[in-house]
There are 2 protein chains.
Amino acid sequence: MPRSPRNRPALTHPEPDEFDVLDILHALSDPTRMTIVQTLRAAPERACGTFAVDVAPSTLTHHFRVLREAGVIRQREDGNRRWTALRDEDLEARFPGLMDAIVTAYENGLA
Amino acid sequence: MPRSPRNRPALTHPEPDEFDVLDILHALSDPTRMTIVQTLRAAPERACGTFAVDVAPSTLTHHFRVLREAGVIRQREDGNRRWTALRDEDLEARFPGLMDAIVTAYENGLA
DNA sequence: CCTCTCATTCGACATTCATCGTACAAGAGT
DNA sequence: ACTCTTGTACGATGAATGTCGAATGAGAGG
């Protein structure tokens, strides 16, 4: 057998209809989470452990949940790993230009 | 004499150079504050008491401070009143398109 | 079977936050 | 003067948040 998902509580992903701008803004207002998002813009999909953020694993899990429940990222089980990707299309369809403006502004402010 | 400002701690307004995107996102991630911003988009300047938000006056003061310290609004003393306005130009100069994208997305999500 | 890796859940902790009531300060208007 | 209006400051309070360590569960690979 190729791969079977883990027997863990299913990952909850809101539908685009359920996205709330305020939740998204809140999710992105944290430096660690913004770093995660920025990293994901450069790579289509990453495993949890491959992010250059300086927090404990359990803290990282917490941040992923906040991003996931806001609709910013999608997570997929694959054996022992959990792959994370931006929900680019869903976000763009629901709130055109929003993510671009925010991430651009963030990178602009790093100077 | 026309008008003299109150004898109160001066209003602190950050310079555009000091704006922090994460602070702005955090400031806008609250429904009351977003309502304030949205209201200010329609009117150039308003007195504090003229906002249709359902919170106590002291709470309103708190929200104004958060917005002000993030650089979103500017407040001006005038006799007994405090006038509030969006810092449109400063925000646009520092983070082009950011406020537009966010407020548009917010209004889009009210449907 | 045993161990290692990956990421989670749980519980705890300190901090921040939104909210309010009360008291206060000062201008406006009578 | 006196009172009303405007908005703040302070202190308290309950909720949410970011952080971690320890324990857990499950796949991967020897």
Side-chain angles (χ1 to χ4, degrees), chain A residues 1-13 20 22-37 45-70 72-85, chain B residues 1-13 20 22-37 45-70 72-85:
Chain A
M1 259 213 264
R3 291 214 181 71
S4 57
R6 278 200 179 206
N7 198 4
R8 247 187 300 187
L11 293 172
T12 64
H13 291 97
D20 183 348
L22 302 185
D23 289 341
I24 294 178
L25 296 181
H26 170 251
L28 298 180
S29 68
D30 177 89
T32 301
R33 291 194 289 262
M34 184 60 96
T35 301
I36 292 172
V37 170
E45 211 179 20
R46 293 185 88 104
C48 287
T50 68
F51 289 85
V53 292
D54 198 24
V55 292
S58 52
T59 305
L60 198 52
T61 297
H62 158 69
H63 287 309
F64 280 129
R65 184 175 54 226
V66 173
L67 288 169
R68 195 178 62 238
E69 291 179 351
V72 178
I73 63 173
R74 183 180 297 282
Q75 288 188 302
R76 175 175 68 85
E77 300 269 5
D78 172 32
N80 207 12
R81 293 224 177 83
R82 189 169 280 191
W83 295 89
T84 303
Chain B
M1 260 215 263
R3 293 216 178 67
S4 56
R6 277 199 181 207
N7 197 6
R8 246 186 303 185
L11 293 172
T12 62
H13 291 96
D20 183 347
L22 302 185
D23 289 340
I24 294 178
L25 296 181
H26 170 250
L28 297 179
S29 68
D30 178 88
T32 301
R33 291 194 288 263
M34 183 60 95
T35 300
I36 292 173
V37 169
E45 211 179 20
R46 292 185 90 104
C48 287
T50 68
F51 289 85
V53 293
D54 198 25
V55 291
S58 51
T59 306
L60 198 51
T61 297
H62 158 70
H63 286 309
F64 280 129
R65 184 177 50 223
V66 173
L67 288 168
R68 196 178 62 237
E69 292 179 350
V72 178
I73 63 173
R74 183 180 295 282
Q75 288 187 302
R76 173 174 70 84
E77 300 269 6
D78 171 33
N80 208 12
R81 293 223 177 83
R82 188 168 280 190
W83 295 89
T84 303

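Heavy-atom basis, side chains included; hydrogens, waters and symmetry copies ignored. Chain letters run A, B, ... following the sequence lines, proteins first, then strands; residues in each count from 1.
- The one candidate from A:Asp30, A:Ile24, A:Val72 that meets the side chain to side chain contact (heavy atoms under 4.5 Å, CB included) condition with A:Leu67 is A:Val72.
- For the atom pair CG of B:Asp20 and CD of B:Glu69, the computed distance is 13.0 Å after rounding to the nearest 0.5 Å.
- Within the 3.5 Å criterion, the main-chain N or O of A:Ala27 finds a donor-acceptor partner in the side chain of A:Arg33.
- For the atom pair B:Thr61 OG1 and B:Arg65 CZ, the distance stands at 8.0 Å (nearest 0.5 Å).
- Here the side chain of A:Val55 is nearest to one of C:dA28, C:dA7, D:dC20, namely D:dC20.
- Phosphate contact (OP1/OP2 of D:dC20, side-chain N/O of A:Thr59, threshold under 4.0 Å): present.
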Between the protein and nucleotides 2-4 of chain D, which nitrogen or oxygen pairs are less than 3.5 angstrom apart?
none

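- Atom P of nucleotide D:dT6 and atom CZ of B:Arg46 are separated by 14 Å, given to the nearest angstrom.
- Here D:dG21 is the nucleotide among D:dT8, C:dT19, D:dG21 with the atom lying nearest to any side-chain atom of A:Ala56.
- Remark: A:Arg68 CZ to A:Arg74 CZ distance equals 11.0 Å, nearest 0.5 Å.
- Here the side chain of B:Thr59 pairs no donor or acceptor atom with the backbone of B:Val55 at under 3.5 angstrom.
- Put simply, CG on B:Leu11 is 8 Å from P on D:dT8, counting in whole angstrom units.
- For the pair A:Leu60 and A:Ile36, the minimum side-chain heavy-atom distance is below 4.5 Å.
- Screening residues 45-62 of chain A for salt bridge (Lys or Arg N to Asp or Glu O under 4.0 Å), with sequence neighbours left out, gives A:Glu45-A:Arg76.
- In this structure, CD of B:Glu77 is placed 11 Å from C1' of C:dG27, rounded to the nearest angstrom.
- In terms of heavy atoms, A:His26 sits closest to B:Ser29 at N-CB, 3.5 Å.
- Between the CG atom of A:Leu22 and the P atom of C:dA18 there is a distance of 12 Å, rounded to whole Å.
- Side-chain to base pairing of B:Ser58 with D:dG7: no donor and acceptor N or O lie closer than 3.5 Å to each other.
- Picking from D:dT8, D:dG7, C:dT19 the nucleotide with the shortest atom distance to the side chain of B:His62 gives C:dT19.
- A sub-4.0 Å separation between OP1 or OP2 of C:dT8 and a side-chain N or O of A:Arg82 is present.
- Listed by residue number, the members of residues 25-36 of chain A with any heavy atom below 4.0 angstrom from DNA chain C form an empty set.
- For the pair A:Trp83 CH2 and C:dT8 P, the computed distance is 14 Å after rounding to whole Å.
- The separation between A:Glu69 atom CD and C:dT8 atom P is 12 Å, rounded to whole Å.
- Out of C:dT8, D:dA26, D:dC20, the shortest distance to the side chain of A:Asn80 is found at D:dA26.
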